[in-house]
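A short write-up of the structure that comes next.
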Amino acid sequence: MYALVDCNNFFVSCERVFRPSLNNRPVIVLSSNDGCAVARSNEAKALGIKMGAPVFKIQDIVKKHRVECISGNLSFYGDMSQRVMSVLREMSPAIEVYSVDEAFLDLSGIPEHELKPLCQRIRKRVKKWTGIPVSIGIAPTKTLAKAAASVAKKYEEAEGVYLMNSLQARRSVLQRMDVGDVWGVGRKLSERFTYMGLNTAWKLSECDPAHIRELTSVVTQKTVLELQGTPCYAFGEEPDHRKQIISSRSFGEPVKDLKTLKEAVSTFVATGAEKLRSEGTEARAITVYASSSPFKGKYYANSTLITLDNATSDTGVLTKQAMKGVDEIFKQGVGFKKAGICLHDIQHKSAHQADLFSVVDNKRSESLMTAMDKLNSTMGKHTLRFGTSNPNGKWRNLCKHQSPAYTSDWAQLLVVK
DNA sequence: TCTGGGGTCCTAGGACCC
DNA sequence: TCTGGGGTCCTAGGACCC
């Protein structure tokens, strides 16, 4: 059996740990630029605020019901996530971290009558040690565990844990579940299935998997099999490094000049390269992209892929290439609203392919980067940076209701009297 | 006025090989 | 008039996830 542990309204719950006055009130956490609602308390959900709703469209509800709006603080949530995961790691045989607020547990070998009590204990301890409330679903496949967890979250009687261990349980859960709420069924597939009359998870689970594969793809075939109780997604440890690294931002004001666009992109490269070094990896290709707003005016988007001769994590080398990319995609007269970089062809440093003709002095580059990382981690982000970058340039957007980094910045720790 | 950021995987189609 | 058969690798784009 698998368990899925899912943190309830995670970002909001993190804020509530340090600001209990937010309890029992409608609260939303906003994406960068204060653009969208990306987390909602139950009270906010009850007001009809949808996931991803643009803030300007829900202004009336926010004012009328005094919804607390908080500009998200991702580093803080990341730290809280690690705390939750460490409790899970201690209490279960094996854990697979699936996202910032979710983890699968492998419960094989545990007698069935002990599954629920164990998960109850896990839930209590996570709450007590981290302050974060979680819901836990237990089922024979990952897809069913996701469904079970949503039941655990929705119904009070479940007390935060739902065990799906029988055909009856599976049927009653899936019959009440919209097909679009199934893990792996997104907007497009949901539209298609509904059109075909397959509007619930149960109806989808009764389809012939081979037939579904013909209609869609192998991914959806697996989803159907998993709904039937046949595991297709094995429990696995997380991969040791990621395959791509993205760094991007929407701009506060449209950017029309090349210099500002370069300052932004250069800053993104610095962030991406720092991430590479922290994971001990290097990238051999970088994509630079920029676009105007897709919501108004004539849409312009462009990108360019640059392949390097040698894999690197040197901010200087990557910046130089990226700046050429910006020259290529920049267009006079366009108001750019967003830009970013994506690093790919990522590999471990230890797998570095030496180059007979290379002119780069790797030793020098490495000690420079090490020194830079050290300064920036002890003295603050961007203490030492490349001149092309400008983390506080005109492209920066301002968040109005930024919450403190309660646990991840010494300067912002709470003072307890 | 105002619409996030960071990931994964699969597939089709093109370019290439003999 | 008429032009094989069997492969591999790479990439862009689309679908999905949180």
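Just so we're on the same page: letters track the sequence lines, and every chain starts at 1.
Heavy-atom distances under 4.0 Å link DNA chain C to Val182(A), Trp183(A) of residues 174-183 of chain A, given in residue order. Across residues 141-154 of chain A, not one residue has a non-hydrogen atom less than 4.0 Å from an atom of DNA chain B. Contacts between residues 194-223 of chain A and DNA chain B, counted as heavy-atom distances below 4.0 Å, involve Ser217(A), Val218(A), Val219(A).
Asn73(A) has its CG atom 19 Å from the P atom of dG4(B), to the nearest Å. As a whole-Å value, the separation of Lys338(A) NZ from dG4(B) C1' is 7 Å. Distance NZ (Lys243(A)) to C1' (dC17(C)): 15 Å, rounded to an integer number of Å. Remark: C1' of dG6(B) and CG of Leu276(A) are 14 Å apart, rounded to the nearest angstrom. Distance Phe11(A) CZ to dG6(B) P: 12 Å, rounded to the nearest Å. If you measure from atom CD1 of Ile70(A) to atom C1' of dG4(B), you get 17 Å, rounded to the nearest angstrom. Rounded to an integer number of Å, the gap from Leu4(A) CG to dC17(C) P is 14 Å. Taking atom CD on Glu96(A) and atom P on dT8(B), their separation rounds to 13 Å, with Å as the unit.
Looking at residues two or more places apart in sequence or on another chain, you find a salt bridge (Lys or Arg N to Asp or Glu O under 4.0 Å) between Glu191(A) and Arg187(A). In this view, Arg123(A) satisfies the salt bridge (Lys or Arg N to Asp or Glu O under 4.0 Å) rule with no residue, not counting sequence neighbours. With sequence neighbours excluded, the residues forming a salt bridge (Lys or Arg N to Asp or Glu O under 4.0 Å) with Arg19(A) are Glu68(A), listed by chain and number. For Arg16(A), the salt bridge (Lys or Arg N to Asp or Glu O under 4.0 Å) partners two or more places apart in sequence, or in a different chain, are Glu43(A).
Legend: ring pair (Phe, Tyr, Trp, His ring centres under 6.0 Å) pairs involving residues 39-70 of chain A, not counting sequence neighbours: none detected. Applying the salt bridge (charged side-chain N to carboxylate O under 4.0 Å, His left out) test to residues at least two apart or on different chains, the pairs with a partner in residues 326-340 of chain A are Lys262(A)-Asp327(A).
Comparing dC9(B), dC18(C), dA15(C) by their closest approach to the side chain of Glu102(A) singles out dC18(C). With dC16(C), dG5(B), dG7(B) as the candidates, the nucleotide lying closest to the side chain of Leu189(A) is dC16(C). With dG7(B), dA15(C), dC18(C) as the choices, the nucleotide that has an atom nearest any side-chain atom of Gln244(A) turns out to be dG7(B).
Between Ser135(A) and Asn8(A), the side chains place a donor N or O and an acceptor N or O closer than 3.5 Å (distance only, hydrogens not considered). Side-chain atoms of Asp79(A) and Ser408(A) form no donor-acceptor pair, as typed in the model, at a separation below 3.5 Å. Inspection of the Asn73(A) and Ser75(A) side chains reveals an N or O donor paired with an N or O acceptor under 3.5 Å. Side-chain polar atoms of Asp314(A) and Thr312(A) form no donor-acceptor pair below 3.5 angstrom. Thr194(A) and Asn199(A) share no donor-acceptor pair across their side chains, judged by distance under 3.5 Å alone. With no hydrogens or angles considered, a side-chain donor-acceptor pair links Ser99(A) and Glu102(A) at under 3.5 Å.
For the pair Arg125(A) and Glu90(A), the minimum side-chain heavy-atom distance is below 4.5 Å.
Here Gln59(A) lies out of heavy-atom contact (under 4.0 Å) with every strand. Residue contacts shown for Tyr98(A) are limited to sugar-phosphate atoms, with no base heavy atom under 4.0 Å away. Counting any heavy atom pair closer than 4.0 Å across all strands shown, Leu74(A) reaches no nucleic acid atom.
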query: Checking salt bridge (Lys or Arg N to Asp or Glu O under 4.0 Å) for the pair Glu282(A)/Arg277(A): CA distance, chi angles, key distance, verdict?
result: CA-CA 7 Å; Glu282(A) 299 173 329; Arg277(A) 296 193 294 273; over 6 Å; no
- prompt: When you look at Asp345(A) and Lys243(A), which way does the salt bridge (Lys or Arg N to Asp or Glu O under 4.0 Å) test go after all the steps?
  reply: CA-CA 7 Å; Asp345(A) 273 15; Lys243(A) 300 182 171 174; over 6 Å; no
- request: Step by step, work out the side chain to side chain donor-acceptor pair (under 3.5 Å) result for Ser71(A) and Gln402(A).
  value: CA-CA 5 Å; Ser71(A) 309; Gln402(A) 182 83 59; 5.5 Å; no
Between protein and nucleotides 11-13 of chain C, what N or O pairs are separated by less than 3.5 Å?
none

Each nucleotide N or O in nucleotides 1-3 of chain B that has a protein N or O under 3.5 Å away: list the pair and distance.
residue : atom : partner   : partner atom : Å
dC2(B)  : OP1  : Lys296(A) : NZ           : 2.8
dC2(B)  : OP2  : Lys296(A) : NZ           : 2.4
dT3(B)  : OP1  : Lys337(A) : NZ           : 3.0

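Residues Phe18(A) and Phe76(A) place their aromatic rings such that the two centres sit under 6.0 Å apart.
Under 4.0 angstrom from either OP1 or OP2 of dG5(B) there lies at least one side-chain N or O belonging to Ser32(A). The phosphate of dG5(B) (OP1 or OP2) has a side-chain N or O of Ser250(A) nearer than 4.0 angstrom. Using a 4.0 Å cut-off, no side-chain N or O of Arg187(A) falls inside it from OP1 or OP2 of dC17(C).
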Strand DNA chain B in bracket notation, Watson-Crick/G-U under 3.5 Å with | for pairs to another chain: ....||||||||||||||
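Both tests hold for Lys142(A) against Phe104(A): distance to the six-membered ring centre under 6.0 Å, angle to the ring axis within 45°.
When Asn165(A), Ile136(A), Ile110(A) are each tested for a side-chain contact (heavy atoms from CB on, under 4.5 Å) with Leu115(A), only one passes: Ile110(A).
Phe11(A) and Tyr77(A) have parallel rings, their planes meeting at less than 30° on a 0 to 90° scale where 60° marks the start of perpendicular.
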